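Below is one structure; the comments refer to it alone.
As the structure lists them, so they are numbered: ligands from 1, and atoms in each ligand from 1. These figures come from a predicted structure and were not determined experimentally. We use all heavy atoms of the structure for the numbers below, so side chains are in, but hydrogens, waters and symmetry mates are not. If you read the sequence from its start, that first residue is 1, and numbering goes on from there.
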Amino acid sequence: MRTVKDFRQAKGKRLVYLTAYDYPTARLAEAAGVDAILVGDSLGMVVLGYASTVPVTLEEMLHHTKAARRGAPDTFLVADLPYLSYATLDRALRAAERLLKEGGADAVKLEGGEEVAEIVLGLTRAGVPVLGHVGLTPQTASQLGGYKLQGKRPEEAERILRGALALEAAGAYGVVLEMVPALLAKEIAERLSVHTVGIGAGPHTDAQVLVFHDVVGLYGEFKPRFVKRYLEAGALIQEALSRYAAEVREGVFPGEEHSF
Ligand code: KIV
């Protein structure tokens, strides 16, 4: 199992993060040898069917973090602090305490740049490993104009860079860069000494992360441009379920070989 120290020394190492939210997918991710599992609050959308990550509660994050940990006992595991659970340092410490102690997470992730740097400092001073997240921050996507590329305008790019630097200064062990131009991600990766984890941020970040359901084709028809589908599992599963239903209706299943 990798440690926070390994991730602190991960500059340029091209590490692989993947989301997982339950026992079977975490098992598969560990068997596939990913470097880190992220129990992201994307859970709310791809597993719980919410329209955004905003409704996700700490209890839901805990429930799924515990399940993912049971599936991947030997993989570094990061859990998202859900929306507003880090609005104050006190709340952030309590939420992180539960995710680390009860959930079995190794680190927590939270969204925002300069505006959350104080909270990140408080957490890291208390000994909580923190992964930052700038660019498109889904918990506040509506304030950013939706799920859109961030940092196209120079002042926006400057704000994102300042945010990443502030997170590093506050002790974050790495920073996720979501949906920013590849050249901005490259500049940030070059300016930071901690590793950057890209999603929709081009090829120059130190590590990559994708959402499991996007990778295997389990979340609807829409595929963001930055996603590569490695499998159409949704279509395969639906096909299998239709065959099962047809065989039951036709009296083909269960057969002799399934009977006692
Ligand atoms: O919640 C999540 O899955 C995330 C990743 C997309 C980085 O924050």
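- Taking distance alone, with nitrogen or oxygen atoms compared against 3.5 Å, E111 stays at or beyond that limit from ligand 1.
- Proximity of T53 to ligand 1, defined as any heavy-atom pair under 4.0 Å, is not found for any part of the residue.
- Within a 6.0 Å sphere centred on CD of E102, other residues, nucleotides and ligands contribute more than 12 heavy atoms.
- Only the side chain of L38 comes within contact range of ligand 1, with a heavy atom under 4.0 Å; no backbone atom does.
- In L43, neither the side chain nor the backbone holds a heavy atom less than 4.0 Å from any atom of ligand 1.
- Close contacts between ligand 1 and D80 involve ligand atoms 1 (O), 2 (C), 8 (O) [criterion: under 4.0 Å to a heavy atom].
- Taking the six-membered ring for Trp and thresholds of 30 and 60 degrees, F7 and H195 have ring planes inclined between 30 and 60 degrees apart.
- Between S42 and ligand 1, an N or O atom pair is found at a separation short of 3.5 Å.
- Residue I199 has at least one heavy-atom neighbour below 4.0 Å for each of these atoms of ligand 1: 6 (C).
- The backbone N or O of G103 lies less than 3.5 Å from no partner atom in the side chain of K66, so there is not a single donor-acceptor pair.
- Taking hydrophobic clusters as Ile, Leu, Val, Met, Phe, Trp and Tyr residues chained together by side-chain heavy-atom distances below 4.5 Å, V227 shares a cluster with V46.
- E30 and T75 make their closest contact through OE1-OG1, 2.7 Å (heavy atoms, listed as atom of the first residue, atom of the second, distance).
- Atom CZ of R94 sits in a sparse spot, with 12 or fewer heavy atoms from other residues, nucleotides or ligands closer than 6.0 Å.
- L165 CG to I160 CD1: the interatomic distance, rounded to the nearest 0.5 Å, is 12.0 Å.
- Ion pairing of K186 with E190 is present here, as a side-chain N (NZ or NE/NH1/NH2) and a carboxylate O approach within less than 4.0 Å.
- Between T19 and ligand 1, a contact under 3.5 Å exists for no N or O pair.
- Annotation: D41 places an N or O atom under 3.5 Å from an N or O atom of ligand 1; distance criterion only.
- Per-residue contacts place K109 under 4.0 angstrom from the following atoms of ligand 1 (heavy atoms of the residue considered): 4 (C), 8 (O).
- Interface of G40 with ligand 1, defined as ligand atoms under 4.0 Å from a residue heavy atom, comprises 1 (O), 2 (C), 3 (O).
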